[in-house]
Amino acid sequence: MEKPYDFKTIEEKWQEYWREKATFSAENFSAKPRYYALDMFPYPSGAGLHIGHPEGYTASDILSRYLRARGYNVLHPMGWDAFGLPSEQHAIQTGTDPRINTRSNVDTFRRQIQRIGFAIDWSREVNTTDPHYYRWTQWIFLQMFKHNLAFVDKRPIWWCPALKSVLANEEIVDGLSERGRHPVERRPMRQWILRITRYAEKLLEELDGLDWPDSTKRQQIAWIGRSQGAEVDFPIRNSEKCLSVYTTRPDTLLGATYLVVAPEHPVLETITTPEQRDAVSDYQQKTAKKSDLDRTDLAKTKTGVFSGAHAAHPLTGEPLPIWVSDYVLMSYGSGAIMCVPAHDARDFEFAQLFHLPICQVIRPVDTDVDATIPYCERGILCNSGEYDGLTSNAAREAIIDCLEAGGMGRRQVNYRLRDWLFSRQRYWGEPIPIVWVGEGDFAAILRTPGSPFLEFMPSEPVCYEEGGQKFYAVPLSSTALPLQLPPTESYPPSDDGESPLARLDSWVSVWIHPQTGEIRSRADGRPSDEWVPARRETNTMPQWAGSCWYHLRYMSPACETAPVDPKIVDYWRAPDFYIGGAEHAVLHLLYARFWHRFLYDIGVVPTKEPYPRLFHQGIILGEDGEKMSKSRGNVVNPDAIIQSSGADALRLYEMFLGPLEAVKPWDARGIEGIIRFLKRTWKFYSEVSVDGGCDGDETQRLLHESIRKVREDIEGLRFNTAIAQLMILLNHLQKLPRISRFTAESFIQLLAPFAPHICEEIWEQLGHRESIVRAPFPNFDSQWLTRDAVIIVVQVNGKRRGEICVSTDAAESDVLEKARVCGSVLPHLRGREIVKEVHVPHRIVNFVVH
RNA sequence: GCCUGGGUGGCGGAAUGGUAGACGCAGAGGACUUAAAAUCCUCUGACCGUAUGGUCGUAGGGGUUCGAGUCCCCUCUUAGGCACCA
């Protein structure tokens, strides 16, 4: 009597089994080869799991299950990136503690992920909002602080009035907030900044050795934006000062006809002439009001004003007018440029607009090349005095040498990368473990030997000035961590952008004891004279912080003495495989590389790079071929698929849709084929007779070919073609009344990484007591991969005219003779002269005839 | 504007320079059934032909090659990234 394929019962049974037996726990030290497969952990949103999540998770799961069956000690963990804006917004709207909402979202995500049957070691689950976790996020921050990589600055930052939040450069897209697409403006605010720029060179260098998608590497290279050139000093007329500019084209120096400074450039204060004062101030005010969207819009014609001042050309002494324009950015280089309108498109446009002189100093090497001005390529110098006739490359070196000799310039490397704005005026983030004290108290702390506050004290103190008073940053000691997020009733930031934490005065205002490191609320009154007043930092860290090092925490999630146990990280090293969306190509992946590299530099981890091998799964589009979104109403819910078709079907279908890296649309009808495949598998095993006999040659051949193909395809992440091969194999087996035990078991084992539940069930029905996970993956026998005879296609002039069957070891002359007399080929050869015979063994014969 | 990927049947897709369209969906016909669903079998790129078969065909145009979806050049198109970075 045939039982129907009851996927719900089967799947829940085995999920329970795996959970109870901790089937997928990873050993920290094992003689087996190790493999660490890492998924980008999800942000547990209120919307629940999205169809895109299981795509990458299934891929890493198939790989994990396969390698486990190949004898590897596999670590495949999961966790939650649970700090973030949506939970905070929810708290603001409902007034409920984001901890409550976050906990329930995490529970939902865990339940949903477990219902898909991933081979995850749940004992290693991490959560960035857990104080046991963020204790170490704070610790790493303090290490950066200690190493002078964290500082504060009052600088104009992006402020989004709608979100009431400051945003990082990276969170602005097209002049709008990445989240919510709200307008943003500049506002000066005291901010924590991490000196990622100090790591620019290291981050660039190591990129080369990573097994990453090329496009992602290219994006990071572009983001870091290393450029090589020179800083050139132009002495300002009637002044002691110089105006320094950065250029990547020192070879065009003799073609510089004017200078332009950014409207924010401090030099304007002193050099602007009285006649031009009003015009310059007016222009400065106008640009301050402009959004960056307006300011960087290339379509806009350039604007600018003359400052009235001149600077001397460092080589000729020629006076060059200094202009002001917002096409020069204060944040890059020195905020000033030399303009060579003949050889730069932007300078050319500006020079034309304001009738500034244009002087050509480069001509093309090849006279056929279009030399229309502006000519922006390299070439041969002209109108450049002693440098005439030199190539751009030679001239660049000669000119920089001359500038350096005269103290008028120097070689310089610049990066497009900006320092990382690391503070948020938010509640739902890691508190920054810093208190602020006055100048005298700070000096006292420095003079206190053995003070716990000296543990993370940097060599260069971090301070800021407010109301004529200086405040110094004092780092909490590691024993004071975690600095827990205090409970509050009110979540919105204030209108001036201060964090909600700033309102908790009993938390913010504290006494600290320099000798003991104790901290007490100031609400309680000063305990004794030794205690000094301090104020806590009220900013929190951005969401990126927790995801910068979670790959390490999985290794030793309960470690109480370090972010990661040194012995255990020595064992696991770094994830062997990391999979996640391409949208993280620069932000998360650059920040995490920075933190990880820093941890390497201070000896916490043994590897320079966190993710040696990276893969991006392509997004799954809605059935209409558009990105899934609530507003389009094309969202596919994984829960509904599991309900109607089962987790095995969901897993298989997501992998069968197409190549893992491709962007591909969902098709609700397509999953029918997968369901049929699973039902046929079920039915086949309940009917077929599995005996000790042998299979026919054809069956053996197909089985061993399939084993090879599936193994290779899993290793190459070509899951769609692996599944196709399993379908071909089943289509064949289905026709047989009986199969051997080896064949019966092999097919199920090949399918098991993809559809683990049904395979566990069938495995059990085949008489096994232990989980299929424990069974070694089948090997192919290469004797079945070679054939005695092979079909060869015969072409005449490249057109297929017939086929012949020849033995694999047939001599070439025999093959050609057989091809020549082949019935369907003969008519095409008759009366023609064969001028060439091409024979590719085991593949093709081609006769070239006249 | 610049830098990357893509463009193959009605659809998702498969093809180490060597039989284009594997596998699956959808569609057509048939078997089973009182009937439907499910299942199973056959067919299914276009055109011509009763048929053996032939011609065309991988966005378009050129090229290399005995042979090109695959390599090279140009054009169109689409997705992603960057965008006054001096």
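Proteins get letters first, then strands, A, B, ... in listed order; numbering begins at 1 in each.
Comparing the P positions of B:U8 and B:U78 gives an interatomic distance of 14 Å, to the nearest angstrom. Separation of the C1' atoms belonging to B:C11 and B:G27 is 11 Å when rounded to the nearest angstrom. Remark: the separation of the P atoms in B:G12 and B:U64 is 34 Å, to the nearest Å. Comparing the same atom, C1', in B:U65 and in B:C73 gives a spacing of 16 Å after rounding to whole Å. A distance of about 31 Å separates the P atoms of B:C47 and B:U39, rounded to the whole Å. Taking atom C1' on both B:G9 and B:C43, the two are 15 Å apart, rounded to the nearest angstrom. For the C1' atoms, the distance linking B:G63 with B:G17 amounts to 16 Å, nearest Å. Here, B:A31 and B:A46 have their P atoms 25 Å apart, quoted to the whole Å.
The partner of B:U52 cannot be assigned: no Watson-Crick or G-U wobble pair with both contacts below 3.5 Å exists in any strand. Across all strands shown, B:A22 forms no Watson-Crick or G-U wobble pair with both distances under 3.5 Å. Of the nucleotides present, B:A79 is the one that pairs with B:U4 by Watson-Crick or G-U wobble criteria, both distances under 3.5 Å. Pairing partner, B:A35: none, since no Watson-Crick or wobble contact has both distances short of 3.5 Å. Pairing for B:G9 is absent, with no Watson-Crick or G-U wobble pair whose two atom distances lie under 3.5 Å.
Residue contacts shown for A:N720 are limited to sugar-phosphate atoms, with no base heavy atom under 4.0 Å away. Using a 4.0 Å heavy-atom distance criterion, A:D347 is classed as making no nucleic acid contact. Within the 4.0 angstrom heavy-atom criterion, base atoms lie near A:F656. Looking at heavy-atom distances under 4.0 Å, A:V848 makes contact with sugar-phosphate atoms alone, never a base. Contacts of A:R669 with the nucleic acid, taken as non-hydrogen atoms under 4.0 Å apart, involve only primed sugar atoms and P, OP1 or OP2. Across all strands shown, A:Q795 has heavy atoms under 4.0 Å from base atoms, whether or not it also approaches the sugar-phosphate.
OP1 or OP2 of B:A26 has at least one side-chain nitrogen or oxygen of A:R676 nearer than 4.0 Å. Side-chain nitrogen and oxygen atoms of A:H828 include at least one within less than 4.0 Å of the OP1 or OP2 phosphate oxygen of B:G54. The side chain of A:R801 places an N or O atom within less than 4.0 Å of a non-bridging phosphate oxygen (OP1 or OP2) of B:G54. Within the 4.0 Å cut-off from OP1 or OP2 of B:A86, at least one side-chain nitrogen or oxygen of A:S227 is found. Within the structure, every side-chain polar atom (N or O) of A:K799 is placed at least 4.0 Å from both OP1 and OP2 of B:G53. Taking side-chain N and O atoms only, A:K836 has a distance below 4.0 Å to OP1 or OP2 of B:C66.
With A:R411 as the fixed residue, the side-chain hydrogen bond (donor to acceptor under 3.5 Å, both in side chains) test singles out one of A:E397, A:Q228, A:E231: A:E397.
Salt bridge status for A:E654 with A:K664: absent, with no side-chain N to carboxylate O gap under 4.0 Å. Comment: A:R820 engages A:E817 in a salt bridge, judged by a side-chain N to carboxylate O separation of less than 4.0 angstrom.
If you find the closest nucleotide of RNA chain B to A:R718 and to A:S334, the one lying nearer the 5' end belongs to A:R718. Taking for each of A:R680 and A:Y415 the nucleotide of RNA chain B with the nearest heavy atom, the 5'-most of the two is the partner of A:R680.
Taken to the nearest 0.5 Å, the OH atom of A:Y246 stands 2.5 Å off from the OG atom of A:S227. Distance CD1/A:I224 to OG1/A:T197: 11.0 Å, rounded to 0.5 Å. Within the model, atoms CZ of A:R718 and CD1 of A:I723 stand 13.5 Å from one another, a figure rounded to the nearest 0.5 Å. In this structure, NE2 in A:H343 is found 5.0 Å from CD1 in A:I362, a value given to the nearest 0.5 Å.
Each of B:A22, B:G13, B:C25 was ranked by its minimum atom distance to the side chain of A:A724; first place goes to B:A22. Taking the side chain of A:R416 as heavy atoms from C-beta on, and the options B:C40, B:U19, B:C82, the nearest nucleotide is B:C82. With B:A86, B:C82, B:C23 as the candidates, the nucleotide lying closest to the side chain of A:N731 is B:C23. Listed nucleotides: B:C40, B:G81, B:U19. Nearest to the side chain of A:Q219: B:G81. The side chain of A:D326 has B:C84 as its nearest neighbour among B:C23, B:C84, B:U39. Of the listed nucleotides (B:G67, B:U4, B:G12), B:G67 has the atom at the smallest distance from the side chain of A:N846. The side chain of A:R218 lies closest to B:C3, out of B:U19, B:G13, B:C3. You'll find that the side chain of A:I337 is closest to B:A86, out of B:A22, B:A14, B:A86. With distances taken from any side-chain atom of A:W223 to the nucleotides B:C82, B:A86, B:A14, the minimum falls on B:C82.
Per the geometry, CD1 belonging to A:I674 stands 10 Å off P belonging to B:G24, to the nearest Å. Between the NE2 atom of A:H616 and the P atom of B:G80 there is a distance of 15 Å, given to the nearest Å. As a whole-Å value, the separation of A:L587 CG from B:G81 C1' is 12 Å. Between the NZ atom of A:K664 and the P atom of B:G5 there is a distance of 19 Å, given to the nearest Å.
In this model, a donor atom of one side chain and an acceptor atom of the other lie less than 3.5 Å apart for A:T699 and A:H732.
At a cut-off of 3.5 angstrom, the base of B:U16 holds at least one donor-acceptor pair with the side chain of A:R843.
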